[in-house]
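Here the structure comes first, spelled out in structure tokens, and everything after it is commentary.
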2 protein chains.
Amino acid sequence: MRVSTRFSDSIHLLAFIEIYADAKLTSDLIASSIETSPVVVRRLMGKLRQAGLIATTPGTAQPTLAKPLSQISLLAVFYAVEGDKPLFAVDPKTNPDCIVGGNIQNVLGQYYQDAQTAAEARLAKTSMQDIVDNILVEQAKKDAGQHA
Amino acid sequence: MRVSTRFSDSIHLLAFIEIYADAKLTSDLIASSIETSPVVVRRLMGKLRQAGLIATTPGTAQPTLAKPLSQISLLAVFYAVEGDKPLFAVDPKTNPDCIVGGNIQNVLGQYYQDAQTAAEARLAKTSMQDIVDNILVEQAKKDAGQHA
DNA sequence: GCCTCCTGTAACTATATTAATTACTGTGAT
DNA sequence: ATCACAGTAATTAATATAGTTACAGGAGGC
């Protein structure tokens, strides 16, 4: 896998907080939806809290969103949990005495950055509100199908 | 690391074949520039050959480019060595009985695909010719600096 | 206060991916 | 026939990720 499921799971977590705001939001309950362990959920929440996306109280359940869903872009979530590592890795160990080995890191780095920026721009266009809206639409489709 | 250095190393390899076409291009020589083992180079060459980017002769050195550098995009190289796995991973194991867990895989998959497509479009715009040109320009800058 | 439920973290284990290494088969050139 | 090399399988080592165990400490009911 390229980007770990931390990104995917974090989006899941935020959507869950929104949709199940009325439930008792323990890390255990959230974990049961993501199908992972409560510790993993708490670790993710730690990152999201540090990034200013949610607020939590030690010792108490019920994390809350720190800002409206429409103001949380997928890119913000990405940076919160994965932002420190580039999407494409330049091999850092090449022969500096060779024309290719001595210059490729600089050259490739620029093009890689461009590609990553393009992906990030796309992630920036989508908000968590879009995700939640789509989840609810998909669910409505399923419900409609059942009644037919 | 996200995308393995196979991608970076493959670009390196192709550029090396072009720039050092007059040398005896053994996997050993190429490996010395990438600073890896000859076996790794031969494995990469195997992928690039399967993708129709280079031509090799068993038992003989001197791989050659199967098409002009200007017709080999970074995206083609990416697909050759990494194309089978998505850039962003959707957690495949979520609770189907939950509104979020049951729908997020579909919803996220679409947005992830969009982001990956944006990155790929950027990679498609750059050809190996651009990479080689830039490497030579960078080298020329270094040489000029040395004489100053 | 004390008990219970919970978060926040550290430490450890298990698993998967990648790169590197070893070893071998077989081709092509001389 | 020999030598240099590609091609490739199998193994090892290094690294990243997810999952688990364990525990310290906060919040709130009683």
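Computed from a predicted model, the values in this text were never measured in an experiment. The figures that follow rest on heavy atoms only: side chains count, while hydrogens, waters and symmetry mates do not. Labels below follow one simple rule: chain letters A, B, ... track the order of the sequence lines, proteins then strands, and each chain is numbered from 1.
Between dT21(C), dG7(D), dG19(D), one nucleotide has an atom nearer to the side chain of K93(B) than all others, and that is dG19(D). Nearest to the side chain of S37(B), among dA23(C), dT18(C), dA20(C), sits dA20(C).
OP1 or OP2 of dC6(C) lies within a sub-4.0 Å distance of a side-chain N or O belonging to K24(A). Residue T56(B) has no polar side-chain atom (N or O) positioned under 4.0 Å from OP1 or OP2 of dA6(D). Side-chain nitrogen and oxygen atoms of T5(A) include at least one within less than 4.0 Å of the OP1 or OP2 phosphate oxygen of dA18(D). Under 4.0 angstrom from either OP1 or OP2 of dT7(C) there lies at least one side-chain N or O belonging to R42(A). For T60(A), no side-chain nitrogen or oxygen approaches OP1 or OP2 of dT7(C) to under 4.0 Å. Applying the 4.0 Å criterion to OP1 and OP2 of dT17(D), one finds that S4(A) has every side-chain N and O outside that range.
One can find a donor-acceptor pair under 3.5 Å joining the base of dA20(C) and the side-chain atoms of R43(B). In the interface, the side chain of R49(A) is not paired with the base of dT9(C) through any donor and acceptor atom under 3.5 Å apart.
Of the N and O atoms on the side chains of N134(A) and Y111(B), at least one donor lies less than 3.5 Å from an acceptor on the other residue.
If you take CD of Q62(B) and C1' of dC5(D), they are 12 Å apart, rounded to a whole angstrom. With rounding to whole Å, I34(A) atom CD1 is found 14 Å from dT20(D) atom P. Note: NZ (K85(A)) to P (dT18(C)) measures 14 Å, nearest angstrom.
Taking the six-membered ring where the residue is Trp, F7(A) and F78(A) present perpendicular rings, their angle passing 60° and hence far from 30°.
Checked by atom type and distance alone, the side chain of S127(B) pairs as donor or acceptor with a backbone atom of D130(B) at under 3.5 Å.
Residue K47(A) is out of contact with every strand shown, counting any heavy-atom pair closer than 4.0 Å.
Cluster annotation: L14(B) is connected to Y20(B) through the hydrophobic network of ILVMFWY side chains, with a link wherever side-chain heavy atoms come within less than 4.5 Å.
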